[in-house]
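Every heavy atom of this structure was used, including side-chain atoms; hydrogens, water molecules and symmetry mates were not. Naming: A, B, ... by sequence-line order, numbering from 1 per chain.
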Number of protein chains: 2
Amino acid sequence: MSAVERDPEGSDEVVDESAGEAAGEPDDAAWAEVTPDAARRLLVAAVDAFAERGYHATTTRDIAGRAGMSPAALYIHYKTKEELLHRISRIGHDRALKIMRDAADSGGTAAERLDRAVRSFVGWHALRHTTARVVQYELDALGPEHRAEIIELRRGTDAAVREMISDGVRDGEFEVPDIPGTTLAVISLCIDVARWFKVGGARTPEEIGALYAGLVLRMVGAGEK
Amino acid sequence: MSAVERDPEGSDEVVDESAGEAAGEPDDAAWAEVTPDAARRLLVAAVDAFAERGYHATTTRDIAGRAGMSPAALYIHYKTKEELLHRISRIGHDRALKIMRDAADSGGTAAERLDRAVRSFVGWHALRHTTARVVQYELDALGPEHRAEIIELRRGTDAAVREMISDGVRDGEFEVPDIPGTTLAVISLCIDVARWFKVGGARTPEEIGALYAGLVLRMVGAGEK
DNA sequence: CCCGACACTGAGCAAGCGCTTAGCGTGCGG
DNA sequence: CCGCACGCTAAGCGCTTGCTCAGTGTCGGG
C-alpha cells in the first residue's frame, strides 16, 4: 500500500514523498531542490520552528541555532526572514497544487478522481503537517506581493476541485446544490488536517486520507459507486 | 428567520448573539460580562488586533491605542498580555461549548439535533469570526496551564458531537463506519470557517450554517430524513 | 477647602529583536 | 607558496518589545 496514489498518466519525474523516512517528521528529502546544503538546512530548521511556534514568535537566532549556525549565516542565503517564509510557502503550495492537479487530470470517473485528490491532498497535509501548517496558516505574515503570488496558486487548487465536482454533477455522478460552497468546504476540510494532526495519533496519514475521501464522496452525493 | 437556532428547552437567560448589529463586526455587546468598561474596551481591541495580525505580532501599544488609552493602562486591568488572550479564549470557548451543548441537549431526532448544532456552531464561527479566529488559532500562545484548561473545554465540544453521532447510529438514522474520525472531521470542518470567512463574502453566516449542516448530514449518511 | 482613593499617563528600563559589518579560516587556481 | 574568493562567525547597532513607576487630574466625603 503506497502512501500517495501513483497516477498512471502523471508527471515524468516523481519524487516519492512517502519513501525514505516512514516516521514522517524529518522531511529533509522533500527540500532537495533547495541548494546549497546550508541554505536547505536553514530552510528545514525554519519550517520546524515556524510550525512549532509560528512565524512571528520565531527568532532568526532560533532558526540559525537549529541549523547549527550563527545568526548571521542566515543572511548569506536569505535576504530577510520573510524571504525564508516565502520560499517555504512557494515550494509547499507548488507541491500541494501539483498533487491536486495530478489527481484532477488523471483518468476515470469524477468520483475516482475526487477520491484520489482528497486521499493524496489530505495524506500530504498529514504526512507533511509541519510544512503544511506553515504554508496554510502563516500566509498573513508574507509581504503583500508575496501573499498575492501564493493566493494565485491557491486559486489553482480551488479550480481543480471545482472542476472535478462540476464534472461529477454534469455526468450525473454527483448531486450537489451549491458547487462553489461545497468546493470551499471540501478544501477547508482537507486543509484543517494540518492544524490538528499529531505524529503520535491514532491514525496514519493514509488512513486519514481514506477516511476523508469517503466523507467527501458522501458530501457530493456520490451514492452510486 | 433568526440567525441562531432558538432551542425550545434551552437555557433560561439567552443573550441573542445575532441581535443588535447586523453587520457582524463590532461585537462589543458579546463581551458584556467583562467589566469595568475600560477592561472591556481593551479586550475588544485585543480581539480585533489578535485576529488581524495574530497574538505574537500584536503589541500592547497597538491594543491600548485601539482602545484609546496609553500602553500603561492595559496593566491596570490585566497582569500580562497573555492574561488578555486567556480571558478571550476562555469566554469564547465557553460560548462555543454552550452553543454545541444546547443543540446536543435539545429535543428531536439525532439528525435534527446535529443539524441545529452545526448550523449554530458554524453560524457563530462566521458571525464572530474575529473572536473565533483568536480562540481557535492562538491556542499555542497560551501558557501551559491556561492551554490545558482550554483543551479541557474543547474535549466537551468533541464529546457533544460524538454523542449526537453515536445516538444517530444507535437509532439507525446515521450510518458511519468511524465515529471518532467522523466526529473529528465534522468539528474540523466547522472550525475552519473562522479561517476563511470574510465579511464582504458571498454568503451570510446563516447561509453557511445551512450549507454546512446539509453537508454534515450527508457525511453521517442521514439519507432517510 | 482639603484629602486620599482611583483611573490613567509620560517617560523609560532591561531585554530581545532583525539585521549588519569587520574579520577569520579554509581551499583552490596559479 | 601566495593570494584571494567564499562561507561563516563574533560582536554589536538601532530599534521595538512587554512591562514598570512616579506622578497627574478628578472626584466624593468630611
Quick check on DNA chain D: between Arg61(A) and Leu74(B), whose nearest nucleotide comes earlier from the 5' end?
Arg61(A)
Does OP1 or OP2 of dC19(C) have a side-chain N or O of Tyr75(A) closer than 4.0 Å?
yes
Check whether any side-chain N or O of Thr60(B) sits under 4.0 Å from OP1 or OP2 of dG18(D), and answer yes or no.
yes
Report the C-alpha separation of Arg40(A) and Thr35(A) in whole Å, then their side-chain angles, then the decisive distance to 0.1 Å, and conclude whether the side-chain hydrogen bond (donor to acceptor under 3.5 Å, both in side chains) test is met.
CA-CA 6 Å; Arg40(A) 179 173 53 253; Thr35(A) 53; over 6 Å; no
Using 0.5 Å steps for rounding, measure from the OG atom of Ser89(A) to the CD atom of Glu82(A).
9.5 Å
To the nearest 0.5 Å, how far apart are CE in Met219(B) and CG in Leu189(A)?
5.5 Å
Could you tell me whether Asp158(B) and Arg154(B) have a side-chain N and a carboxylate O separated by less than 4.0 Å?
no
Under a 4.0 Å N-O cut-off, is there an ion pair linking Asp48(B) with Arg133(B)?
no
Of the nucleotides dG18(C), dC19(D), dG18(D), which has the atom closest to the Lys81(A) side chain?
dG18(C)
Of the listed nucleotides (dG18(D), dC19(D), dC19(C)), which one gets closest to any side-chain atom of Thr59(B)?
dG18(D)
Give the rounded distance in Å between these two atoms: [atom1] of [X] and [atom2] of [N].
X	N	atom1	atom2	answer
Leu42(A)	dC8(D)	CG	P	8 Å
His56(A)	dT16(D)	NE2	P	16 Å
Asp62(A)	dG16(C)	CG	C1'	13 Å
Ile63(A)	dC8(D)	CD1	P	16 Å

I need the full list of ring pair (Phe, Tyr, Trp, His ring centres under 6.0 Å) pairs touching residues 35-58 of chain B, with sequence neighbours left out, sorted by first then second residue.
Phe50(B)-Tyr55(B)
Given protein heavy atoms under 4.0 Å, the one-letter contact record of nucleotides 22-27 of chain C, with B base, S sugar-phosphate only and - none, is simply ------
Where along nucleotides 5-10 of chain C does protein come under 4.0 Å, by heavy atom, of base (B) or sugar-phosphate alone (S), with - for untouched nucleotides?
---BBB
Minimum heavy-atom distance Ala46(B)-Ile88(B), with the two atoms named:
CB-CD1, 3.9 Å
Which pair of non-hydrogen atoms, one from Ala117(B) and one from Met164(B), has the smallest distance, and what is that distance?
CB-CE, 3.5 Å
Does either side chain, that of Asp192(A) or that of Tyr137(A), offer a donor lying less than 3.5 Å from an acceptor on the other one?
yes
